[in-house]
2 protein chains.
Amino acid sequence: MSNTLTTKLTSFSDLSAEEAAALDAVCNDTFTVKGRDLIRVGDRPEQVFLVLNGWACRYKDLPDGKRQILAYLIPGDLCDPHIFIFEQMDHSIRAIGEARVAAIPKQVILDLTERYPALARGLWWSALVDEAVSREWLVNVAQRDSYTRMAHLFCEIWLRMCQVKLTTGGTFDLPLTQEQLGDTLGITPVHVNRVLQRLRAEGLVTTRDRRMTIHDVDALKAAAEFDPRYLHLDARAAA
Amino acid sequence: MSNTLTTKLTSFSDLSAEEAAALDAVCNDTFTVKGRDLIRVGDRPEQVFLVLNGWACRYKDLPDGKRQILAYLIPGDLCDPHIFIFEQMDHSIRAIGEARVAAIPKQVILDLTERYPALARGLWWSALVDEAVSREWLVNVAQRDSYTRMAHLFCEIWLRMCQVKLTTGGTFDLPLTQEQLGDTLGITPVHVNRVLQRLRAEGLVTTRDRRMTIHDVDALKAAAEFDPRYLHLDARAAA
DNA sequence: CGAGATGTTGAGCTGACTCAACGGGAGTGG
DNA sequence: CCACTCCCGTTGAGTCAGCTCAACATCTCG
């Protein structure tokens, strides 16, 4: 069984058996964390983390105690291979709930991308998608009301989970508390609760045991004004 | 007189005379635009643009007519050299006011970074800073009220303009309309006006003829809860 | 000299916030 | 096995930052 990163990259372009094997081999140093920081502001990481199971997030804390979640790292996500150009991290990365993570020395990544150009290209593509997602989050928070905003986030998570084949029916893991959703969307936990209730009342989603079910993806997309192009999922078809 | 990109990269690490010259030589194909798109959603650009004079911005339009500005490109800014991995742009880039721009074929960039590793590293660093800025914008819009938010934006612009030596005293070009400020900060033009008046009333800034003067940078930083670390300006000192 | 773009002001409205309370479930310790 | 506590979700009621709508003032430029 190959790792999730392989699954993700395969959605971009075919990998040879050798490349897939090289990617899998990279994950020998794995460990489990639970709700703890993997990387903290000010660190200068010498390794790259790959999420194998569970979720993590990038976030920033503000002096007044507020927190903003900048991105989710779901299985198959790599926290940036380029970061070692900076002297220090300007944000932190933390596991959400329990997560299994592989630590990969940066040299291993460098060797890998040098030997296998297809992998290099795939990782590039993946990093660019992460940037595109970040841009869309800005649009989301700045321009859409809380209802549309939350629906939009769920559509995005849905598609990303589909990409790594972690959905069954309309259901997938969503290990977030309402507070964390609030820190993602820039709204209060109280308000998250009310908006979520509306989405449930309209029959769009159900949540249960840290899992979410989307009952009508198209209806949710419509509610979210969702245009999936920014995820660049079609790279394979177009290439 | 060398171009502004050279100035910017020099703030990261020294460039040899040869490297600086190579960078300058790249800008032979220049032109002037005024408030028009350089790149549009759906395009697949085969070249990279370097802003020499004036400003440009990345932006996205929404179906309901709203617009979000995602980033400003000021002199010395390159619109990403990696974008050609994607099939199509997911946002547009437009000149703000009148701007002089150099069009650089992507192959020229590739050659340059291959021949001069120091340049490659500098461009890397610059791209990473752009990402860091984008993350901070998300924090800004999601977590800070409109007053703090606007002050924060002005602090950032101030430091970026300083980096490319485009400030004189506390004054610098700010070719933005209040509507564009609104599209940047996620607030109404009407509200931009009122917040701006408050910043003026408190003696923090003055605007006149599309130029801004900051009268007390420290006071403005305090009002903005501004922490400049995300701009990674100290790369040189730390390295 | 007219027209569109930009900036300014006033007045009323509303989406999201604050504060405060309560319920249920999971873990912990006695 | 119960009592306690903490975390998380839920609900209600009042408040406010920022919005909408609408008018008007300036300015630029053809």
Side-chain angles (χ1 to χ4, degrees), chain A residues 34-36 55 62 64-69 94-98 140-153 173-201 205-212 223-225, chain B residues 34-36 55 57 62 64-69 94-98 140-153 173-201 205-212 223 225:
Chain A
K34 192 171 174 187
R36 270 206 357 273
W55 289 32
L62 293 159
D64 58 0
K66 293 200 198 105
R67 167 173 298 177
Q68 176 63 30
I69 292 179
R94 164 174 299 188
I96 292 176
E98 196 164 302
N140 208 25
V141 165
Q143 301 291 351
R144 297 194 255 258
D145 65 31
S146 58
Y147 172 81
T148 318
R149 204 185 295 180
M150 193 178 293
H152 197 282
L153 178 66
D173 284 340
L174 187 81
L176 303 168
T177 64
Q178 293 183 359
E179 186 182 14
Q180 289 165 331
L181 273 175
D183 289 341
T184 304
L185 297 169
I187 59 187
T188 319
V190 174
H191 198 57
V192 168
N193 185 285
R194 297 196 229 261
V195 173
L196 204 44
Q197 282 182 59
R198 191 175 147 207
L199 286 169
R200 287 195 279 242
V205 305
T206 326
T207 56
R208 189 199 161 94
D209 295 339
R210 299 278 114 118
R211 290 173 62 77
M212 168 168 277
E225 300 167 6
Chain B
K34 192 173 174 187
R36 267 203 2 270
W55 289 31
C57 68
L62 294 158
D64 58 1
K66 292 200 199 102
R67 166 173 299 176
Q68 177 62 31
I69 292 178
R94 165 172 300 187
I96 292 175
E98 196 165 302
N140 208 24
V141 165
Q143 301 291 350
R144 297 194 255 259
D145 65 30
S146 59
Y147 172 82
T148 318
R149 203 185 295 179
M150 193 178 293
H152 196 282
L153 178 66
D173 284 340
L174 188 81
L176 303 168
T177 64
Q178 293 184 0
E179 185 181 16
Q180 289 165 331
L181 274 174
D183 290 342
T184 305
L185 297 170
I187 59 186
T188 318
V190 174
H191 198 57
V192 167
N193 186 284
R194 298 196 229 259
V195 174
L196 203 44
Q197 282 182 58
R198 194 177 145 205
L199 286 169
R200 288 195 279 242
V205 305
T206 328
T207 56
R208 188 198 160 97
D209 294 339
R210 299 277 113 119
R211 289 173 65 76
M212 167 168 276
E225 299 166 7

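Please read these numbers as outputs of a predicted model, since none were measured by experiment. What you see below is based on every heavy atom in this structure, not just the backbone, and it leaves out hydrogens, waters and symmetry mates.
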Problem set entry | Whether B:R198 side chain and B:Y147 backbone form a donor-acceptor pair below 3.5 Å | no

For this session: Rounded to the nearest angstrom, tell me the gap between atom NZ in A:K66 and atom P in C:dA16.
Result: 16 Å

Exercise. Of B:H191 and B:K34, whose closest DNA chain D nucleotide lies nearer the 5' terminus?
Worked result: B:H191

Exercise. Heavy atoms under 4.0 Å, any strand shown: does A:G182 hit a base, just sugar-phosphate, or nothing?
Worked result: nothing

Exercise. Can B:R211 and B:D209 be counted as an ion pair, charged N to O under 4.0 angstrom?
Worked result: no

Exercise. About how many Å separate CZ of A:R194 and CD1 of A:I187, when rounded to the nearest 0.5 Å?
Worked result: 11.0 Å

Problem set entry | Base D:dG12 to side chain A:R194, donor-acceptor N/O within 3.5 Å cut-off | yes

For this session: Grab the two heavy atoms, one from B:G186 and one from A:Q143, that are nearest each other, plus how far apart they are.
Result: CA-NE2, 4.5 Å

Exercise. Could you state the CG-P distance from B:L181 to C:dT6, rounded to the nearest angstrom?
Worked result: 12 Å

For this session: Calculate the interatomic distance between B:I187 atom CD1 and C:dA16 atom P; express it in whole Å.
Result: 16 Å

Exercise. Atom OG1 in A:T207, atom CD in A:Q197: separation rounded to 0.5 Å?
Worked result: 10.0 Å

For this session: Before giving the answer on side chain to side chain contact (heavy atoms under 4.5 Å, CB included), spell out for A:K66 and A:D183 the whole-Å C-alpha distance, their side-chain angles and the decisive distance to 0.1 Å.
Result: CA-CA 8 Å; A:K66 293 200 198 105; A:D183 289 341; over 6 Å; no

Problem set entry | Atom pair CG (A:L176) and CZ (A:R210), whose distance is rounded to the nearest 0.5 Å | 8.0 Å

Problem set entry | Nucleic acid contacts of residues 142-152 of chain A, taken as heavy-atom distances under 4.0 Å to DNA chain C | A:D145, A:S146

Seminar exercise, completed: One should read off an interatomic distance between B:T206 OG1 and B:L196 CG, to the nearest 0.5 angstrom, of 10.0 Å

Problem set entry | Base versus backbone protein contacts along nucleotides 5-10 of chain D [heavy-atom cut-off under 4.0 Å; B, S, -] | ---SSB

